[in-house]
Novice: 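Questions regarding the structure given below will be posed in turn.
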Amino acid sequence: MHILITGITGFAGGHLAEALLARGDVRLFGISRSGLWTSPWRHLAQRVTLRPCDLCDRAAVEELLRDVQPERIYHLAGYAHVGRSLAEPDAAWAGNLTATRYLYEAVAGSGSRPRILFVGSGMVYGDPRSNDRAHVESDPLLPANPYAASKAAADLVSYQFTRGPGLDIVRVRPFNHVGPRQAPEYAVAHFAQQIAAIEQGRQPPVLETGNLEPQRDLTDVRDMVAAYLLLMERGRSGEVYNAGTGKVSSMRVVLDHLLARARVPIEVRQRSTLVRASEVHVARADATRLRQEIGWQSQFSLEQTLADTLDYWRSVSSQ
């Protein structure tokens, strides 16, 4: 089976590639803009065909589909920087909406009907009506920043293409996912990277943070990838599924868990440049539909995920 992963060199994309290869009997293709592997995923180079492709280039996307002829597409590529999107909204809209639309138009024009999983974001909901309420799929989309707005638009265009011209697209709205090999521009990885560097004397014993009050539904990336695989097999075309644990933790609690595992004393300081101007305060998923229809259950506890993340950064820092 020919399988295409857009955004394969990213955090979830690399973990997804590993999971698919472990199943066997697939020919795996991936794309990124550069066509180069990032350091956490270079070991995949011998088993995955990686192609350079800008999804905002119509001709390039059409050529890619002619060459690969995928039977399944996991569409993970997109603009992923929430805070940075406030300063560069054009890049967010192009990377999320335009790229997604061009991919679907190329699929429709190819005459083939691969099954597609569109990976959106739980950020499309914005703040809940009350802090103790989890978001369900029928909630209104109230995005609070250009990243979330462009993901919401891509989510809607994904639904539109299932109605006409009738593509086979399943949508998922993952909430925050964390774990080993995540880039340090994201909070949990940033904390773990700093702790590892401090332990090895490569950084003064001061850890810098942004706002620690937001509460997030944190899912291990390996559990999230398991959800993607199940949705490709069992998800209903045109339907949307939340993916998350249903539990929230503040960034302060997450940091406390990591600091409890630190091997040296560490001081914590908030840095104003790390505080986002627009912040969703609470993001919690109601993933009842995913559990009941698809049979997904999370396997990793938050404590295990944080321990694995810190151990990963310790190994990187020691190299």
Side-chain angles (χ1 to χ4, degrees), residues 1-55 57 60-78 80 95 99-100 103 106-107 110 112-119 168-170 172 174 177-184 186 189 219-235 243 294 296 299-300 304-305 308-309 311-316 318-319:
M1 177 180 291
H2 286 204
I3 297 177
L4 173 66
I5 301 175
T6 73
I8 196 171
T9 60
F11 175 46
H15 280 281
L16 176 60
E18 287 184 334
L20 285 165
L21 290 170
R23 291 183 161 194
D25 196 29
V26 298
R27 187 172 178 194
L28 194 54
F29 299 83
I31 64 168
S32 71
R33 284 186 178 178
S34 68
L36 301 173
W37 291 105
T38 53
S39 58
W41 307 113
R42 286 182 184 139
H43 64 283
L44 297 174
Q46 302 304 313
R47 304 183 66 192
V48 178
T49 302
L50 180 63
R51 296 273 300 268
C53 183
D54 182 351
L55 290 177
D57 181 337
V61 178
E62 291 169 357
E63 180 182 359
L64 172 76
L65 294 180
R66 283 195 301 269
D67 290 348
V68 174
Q69 298 184 22
E71 298 160 77
R72 293 182 173 180
I73 300 174
Y74 291 87
H75 179 36
L76 279 68
T100 299
L103 174 63
V107 170
S110 72
S112 63
R113 285 296 182 270
R115 186 160 175 82
I116 302 170
L117 180 70
F118 167 76
V119 178
D168 182 8
I169 304 172
V170 179
V172 59
H177 37 295
V178 295
R181 293 181 282 187
Q182 188 172 30
Y186 298 94
T219 301
D220 190 290
V221 66
R222 294 161 289 191
D223 281 331
M224 194 63 76
V225 161
Y228 296 168
L229 295 173
L230 287 169
L231 283 164
M232 182 63 81
E233 299 291 342
R234 306 175 187 174
I294 309 302
W296 175 83
Q299 302 298 317
F300 291 85
Q304 183 63 58
T305 301
D308 291 350
T309 302
D311 285 344
Y312 167 74
W313 283 106
R314 284 170 173 156
S315 69
V316 171
S318 65
Q319 293 174 2

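Values below: all heavy atoms of this structure, side chains included; hydrogens, waters and symmetry mates excluded.
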Novice: Which heavy-atom pair separates Gly7 from Ala77 by the least distance, and what is that distance?
Specialist: N-CB, 3.5 Å

Novice: Is any side-chain heavy atom of Tyr312 less than 4.5 Å from a side-chain heavy atom of Pro40?
Specialist: yes

Novice: Indicate yes or no: at least one non-hydrogen side-chain atom of Val178 is less than 4.5 angstrom from one of Thr305.
Specialist: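 A side-chain contact under 4.5 Å exists here.
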
Novice: Among Ile31, Leu16, Thr38, Val48, find the one that has a side-chain contact (heavy atoms from CB on, under 4.5 Å) with Ile8.
Specialist: Val48

Novice: For Tyr186 and Ala80, which heavy atoms make the closest approach, and how far apart are they?
Specialist: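 It is OH-O, 3.2 Å.
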
Novice: Is there a donor-acceptor pair closer than 3.5 Å between any side-chain N or O of Asp223 and the backbone N or O of Phe300?
Specialist: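 At least one qualifying donor-acceptor pair exists.
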
Novice: Kindly compute the distance separating CD1 (Ile116) from NE2 (His75), expressed to the nearest 0.5 Å.
Specialist: 8.5 Å

Novice: Taking all heavy atoms of Ser32 and all of Thr9, pick out the closest pair and write down the distance.
Specialist: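 That closest heavy-atom pairing would be CB-OG1, 3.6 Å.
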
Novice: When you measure from the side chain of Thr6 to the backbone N and O of Leu76, does any donor-acceptor pair fall under 3.5 Å?
Specialist: yes

Novice: Return the CD to CD distance between Gln299 and Gln304, rounded to the nearest 0.5 Å.
Specialist: 12.0 Å

Novice: Is there a side-chain contact (heavy atoms from CB on, under 4.5 Å) between Val172 and Phe118 once you walk through the steps?
Specialist: CA-CA 6 Å; Val172 59; Phe118 167 76; over 6 Å; no

Novice: To the nearest 0.5 Å, how far apart are OG in Ser112 and CD in Gln69?
Specialist: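 Reported value, rounded in 0.5 Å steps: 7.5 Å.
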
Novice: Could you check whether Arg72 pairs with Glu233 (Lys NZ or Arg NE/NH1/NH2 to Asp/Glu carboxylate O, under 4.0 Å)?
Specialist: yes

Novice: Carefully, step by step, assess Leu44 and Glu18 under the rule side-chain contact (heavy atoms from CB on, under 4.5 Å).
Specialist: CA-CA 8 Å; Leu44 297 174; Glu18 287 184 334; 4.0 Å; yes

Novice: Keeping His15 on the side-chain end and Arg181 on the backbone end, is there a donor-acceptor pair under 3.5 Å?
Specialist: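 Not at all, since once roles are kept as given, no pair shorter than 3.5 Å links the two residues.
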
Novice: Counting N and O atoms only, with roles assigned by atom type, does the side chain of Arg115 sit under 3.5 Å from a partner on the main chain of Met232, one being a donor and the other an acceptor?
Specialist: yes

Novice: Heavy atoms, side chains only, cut-off 4.5 Å: are Ile169 and Leu117 in contact?
Specialist: no

Novice: Does a side-chain heavy-atom distance below 4.5 Å link Pro180 with Trp313?
Specialist: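 A side-chain contact under 4.5 Å is absent here.
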
Novice: Please determine which of Leu103, Leu4, Asp57 meets the side-chain contact (heavy atoms from CB on, under 4.5 Å) test together with Leu64.
Specialist: Leu4

Novice: Under 3.5 Å, is there a donor-acceptor pair between the side chain of Arg27 and the main chain of His2?
Specialist: no

Novice: Which word best sums up how the rings of Phe11 and His177 line up, parallel for under 30°, tilted for 30 to 60°, or perpendicular for over 60°?
Specialist: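 Judged by the thresholds at 30° and 60°, the geometry between Phe11 and His177 is parallel.
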
Novice: Start with the C-alpha gap between Leu229 and Leu20, add the side-chain angles, then the distance that decides, and say whether side-chain contact (heavy atoms from CB on, under 4.5 Å) holds.
Specialist: CA-CA 8 Å; Leu229 295 173; Leu20 285 165; 3.5 Å; yes

Novice: Give the intermediate values and the outcome of side-chain contact (heavy atoms from CB on, under 4.5 Å) for residues Ile3 and Tyr74.
Specialist: CA-CA 8 Å; Ile3 297 177; Tyr74 291 87; 3.8 Å; yes

Novice: Identify the heavy atoms of Pro184 and Ala189 that sit nearest to each other, and give their distance.
Specialist: CA-CB, 3.9 Å

Novice: Should Asp308 and Arg222 count as side-chain neighbours, where that means a heavy-atom distance under 4.5 Å?
Specialist: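 In contact.
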
Novice: Using a 4.5 Å cut-off on heavy atoms from C-beta on, say whether the side chain of Leu65 contacts that of Pro70.
Specialist: yes

Novice: Evaluate the side-chain proximity of Asp168 to Pro114: yes if any heavy-atom separation is below 4.5 Å, no if none is.
Specialist: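 No, their side chains stay 4.5 Å or more apart.
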
Novice: Which pair of non-hydrogen atoms, one from Ala12 and one from Val225, has the smallest distance, and what is that distance?
Specialist: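 Residues Ala12 and Val225, closest heavy atoms: O-CG2, 3.9 Å.
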
Novice: For Arg33 and Pro52, which heavy atoms make the closest approach, and how far apart are they?
Specialist: O-CB, 3.8 Å

Novice: Within a reach of under 6.0 Å around CZ of Arg113, are more than 12 heavy atoms found that belong to other residues, nucleotides or ligands?
Specialist: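 Counting other residues, nucleotides and ligands, CZ of Arg113 exceeds 12 neighbours.
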
Novice: Below 4.5 Å, heavy atoms only, C-beta onward: do Asp67 and Arg51 meet side chain to side chain?
Specialist: yes

